[in-house]
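Report on the following structure.
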Amino acid sequence: MIDQIFGVWNYWIVFILMMIGLYIVISKKSLLKKIVGLAIFQTSVFLLYITFGKIAGGTAPILTDNVNEIYSNPLPHVLILTAIVVGVATTALGLALTVRINKAYGTINEDEISASDLVEYHEKYLEDKN
Amino acid sequence: MMSFIIKNLPILIVITPLMFSLIVAVLNNNRLAWALSTFATFLTMIFTILLCFEVSYKSNISYYLGNWPPPLGIEYVIDTISIIPIMIVSVIGLIATLFAHNFFTLEIDEKLVSKTYSLWLLTIAGLIGLITTADAFNLFVFLEISSLSAVALVALGSKVDRKALVAGYNYLILGAVGATFYVIGVGLLYGVTGTLNMGDLAQKIPALGLNKSVIVAFAFMMLGIMVKAAVFPLHIWLPNAYAYAPSPVSVLLAATATKVSIYILVRISYTIFGSSYEIYSFESLRYILLYLAILAMFAGTIMAIFEKDVKKLLAHSSIAQIGYIILGISLATSSGIASSFIHLINHALIKAGLFMSVVAMGYYTLKRIDVNTIAGIGRRLPITFFAFVICALSLAGLPLTVGFISKLYLIKAAYMSEGIWLPFLILVSSALSLIYIWKLIEGLWYNQKNSKPEKIKELPEIYIPLLFITFLNIYFGIDAGLIIDNSFIASDALISGIK
């Protein structure tokens with residue numbers, strides 16, 4: 001029982017972070033908070049990969065004279081380096097869009113944006129009618 | 001020189017648009033940027049045609065990136081299956097680029113036009129890269145290249161309508177969550193198999209048997225890509241993204257982006273997991289995808305019937321058409337997958353034609369084209385309207401158009417594996433789709449009550465791409481041998497991997 005919790009605590013942290021991130025993306029109305037949630041969600045996946053790559057007692061994968069040296073798998077780290085870059089690009093694009101939305105609507109709250117769109121739609125409808 | 005090109009074709013089709021996108025980004029001259037983009041997509045199409053000849057007598061080209069052999073290095077595979085979506089992307093890419101210039105100069109700030117072409121080429125490069133790569137993680141990178149640049153393109157519609165920003169934002173968030181789900185799946189698979197190469201994964205997965213990680217990975221990867229492919233309950237980003245994007249972007253995305261994602265769905269379910277008896281004994285494809293596809297067919301069609309905005313209407317109809325394609329895949333028979341591939345090609349032709357003609361109608365007014373405001377436009381733009389009608393009838397599946405061919409094969413495949421009820425449902429939803437098509441044709445041609453005479457003219461610059469697509473819609477409806485033969489070759493190759 002204890003082993004199931006503390007023996008794999010890395011995975012528990014990944015799991016908790018993943019759920020926190022996904023929950024923020026789904027539930028929050030602020031466009032900014034959604035991006036923060038997305039970043040947490042992606043970070044949890046980075047941790048997952050790095051946990052796969054780590055071997056207990058393993059060192060960095062550097063060529064040495066000792067043949068029996070245990071080393072961690074470097075590939076997941078390299079993959080995550082790529083994924084971090086992708087994550088930064090996603091966050092940057094999301095923030096840029098949020099700035100533009102704030103300029104166009106004067107708010108970054110999802111509900112207020114749809115309300116503002118609805119008002120615009122009705123005004124246009126009345127204009128077309130006249 | 002020639003043999004060097006032939007040898008490196010699989011990477012050239014990705015690198016060409018990628019490199020040109022860098023060149024185009026620094027140009028100040030918009031017309032030059034357009035000419036270079038056209039040249040880049042033209043070159044890509046030439047390479048793709050050369051690749052077609054290569055594939056026709058080699059059937060499987062494996063390219064090692066940087067000469068590192070797989071499973072350690074990244075492998076690009078061009079075979080009889082992947083050549084079909086590559087052909088779709090490069091042909092539609094060229095046609096849409098030819099079409100794009102007038103619209104980009106009108107709908108986007110002058111300073112941003114050359115950057116837009118840069119994003120445009122980046123999207124095409126990402127889409128082609130997605131198809132060619134045989135490395136599961138490399139696929140994620142291309143997925144993000146194509147979708148991030150597509151998001152930026154969608155958001156550029158904000159000069160005409162600010163809703164484009166919100167549409168782009170939603171596309172970004174949902175797309176990023178989908179892509180991250182895919183990465184979780186790949187990570188789990190890597191954890192149990194230690195490889196990322198698709199062919200290598202397919203060999204190692206059966207030995208694992210009923211491993212929980214494999215099943216969870218399958219679910220994560222499928223779900224992630226289903227968001228990108230806009231399979232019914234996960235389609236929510238699609239209508240707004242297509243409707244508020246700049247016109248040429250709607251054409252490009254509607255014709256290629258979801259098609260490529262569906263191709264990846266096929267690759268994951270048949271190439272990577274196709275060899276796993278445990279996953280196929282659940283018949284997960286049939287029990288989940290089949291019913292989602294049926295729901296998509298009806299939900300998309302019904303939403304389209306009640307939609308007033310014409311671009312959004314076409315986007316809703318895309319959801320229904322994606323339903324047809326997924327239906328064929330979920331049958332898991334050779335004829336079912338072949339009918340999916342046939343519809344994949346045909347729907348790209350149909351939707352490209354429809355979006356082109358519809359946005360051409362709204363060109364001079366820059367207004368959203370509404371079912372109520374289109375009255376009588378068809379009579380004033382006869383040639384654009386002609387193209388629209390051909391493509392619309394093709395969407396409904398009338399004989400002598402490509403839509404008929406794909407419906408015919410889909411119904412045949414559905415009847416062979418499910419009996420009479422499934423063809424019946426397909427026919428009912430096709431009949432329903434006639435309602436919204438008729439609504440458009442009626443508004444465009446028969447309604448005469450256009451009170452405000454606005455300056456609307458034909459746009460001769462776009463005749464070449466528009467009429468070429470229309471011609472293809474009719475040509476492949478009469479002589480569909482090329483599409484059908486290649487689709488069956490592809491589906492047989494896919495099915496042979498399943499145990």
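Chain naming here is simple, since letters A, B, ... match the order of the sequence lines and numbering starts at 1 in each.
- Judged purely by distance below 3.5 Å, without hydrogens or angles, the side chains of Y171(B) and N240(B) never pair a donor atom with an acceptor atom.
- Heavy-atom neighbours of chain B within the stretch residues 18-28 of chain A, taken at a separation under 4.5 angstrom, comprise M18(A), L22(A), V25(A).
- Here the side chain of Y244(B) pairs no donor or acceptor atom with the backbone of D161(B) at under 3.5 angstrom.
- For a residue to count as touching a neighbouring chain, one of its non-hydrogen atoms must lie under 4.5 Å from one of that chain's; by this rule L196(B) touches chain A with the side chain only.
- The aromatic ring centroids of F140(B) and F137(B) lie less than 6.0 Å from each other.
- The line from OG1 of T132(B) to CG of L139(B) is 9.0 Å long, rounded to the nearest 0.5 Å.
- Closest non-hydrogen pair, P69(B) versus N67(B), comes out as CD-O, 3.4 Å.
- For the 3.5 Å distance criterion, the side chains of S147(B) and K228(B) qualify, holding a donor opposite an acceptor.
- When each of N73(A), T51(A), T90(A) is checked for heavy-atom pairs under 4.5 Å with chain B, T90(A) comes out on top.
- Ring-plane geometry between F181(B) and F41(A) is classed as tilted, the angle between the planes lying from 30 to 60 degrees on a 0 to 90 degree scale.
- For S116(A), the parts lying near chain B are the backbone and the side chain together; criterion is any non-hydrogen pair under 4.5 Å.
- Of the atoms belonging to A83(A), heavy atoms from both backbone and side chain fall under 4.5 Å from chain B.
- Only the side chain of I113(A) has a heavy atom closer than 4.5 Å to any heavy atom of chain B.
- Heavy atoms closer than 4.5 Å to chain B are found in the side chain of T82(A), but not in its backbone.
- Side-chain atoms of Y76(B) never come within 3.5 Å of backbone atoms of G129(B) as a donor-acceptor pair (strictly under, hydrogens ignored).
- A tilted orientation is assigned to the rings of F52(A) and Y11(A), their planes being inclined by 30° to 60°.
- When all heavy atoms of A155(B) and L165(B) are compared, the pair lying nearest together is O-CD2, 4.0 Å.
- Heavy-atom distances place the side chain of L38(A), and not its backbone, under 4.5 Å from chain B.
- Looking at L48(A), the atoms closer than 4.5 Å to chain B (heavy atoms on both sides) all sit in the side chain, from C-beta outward.
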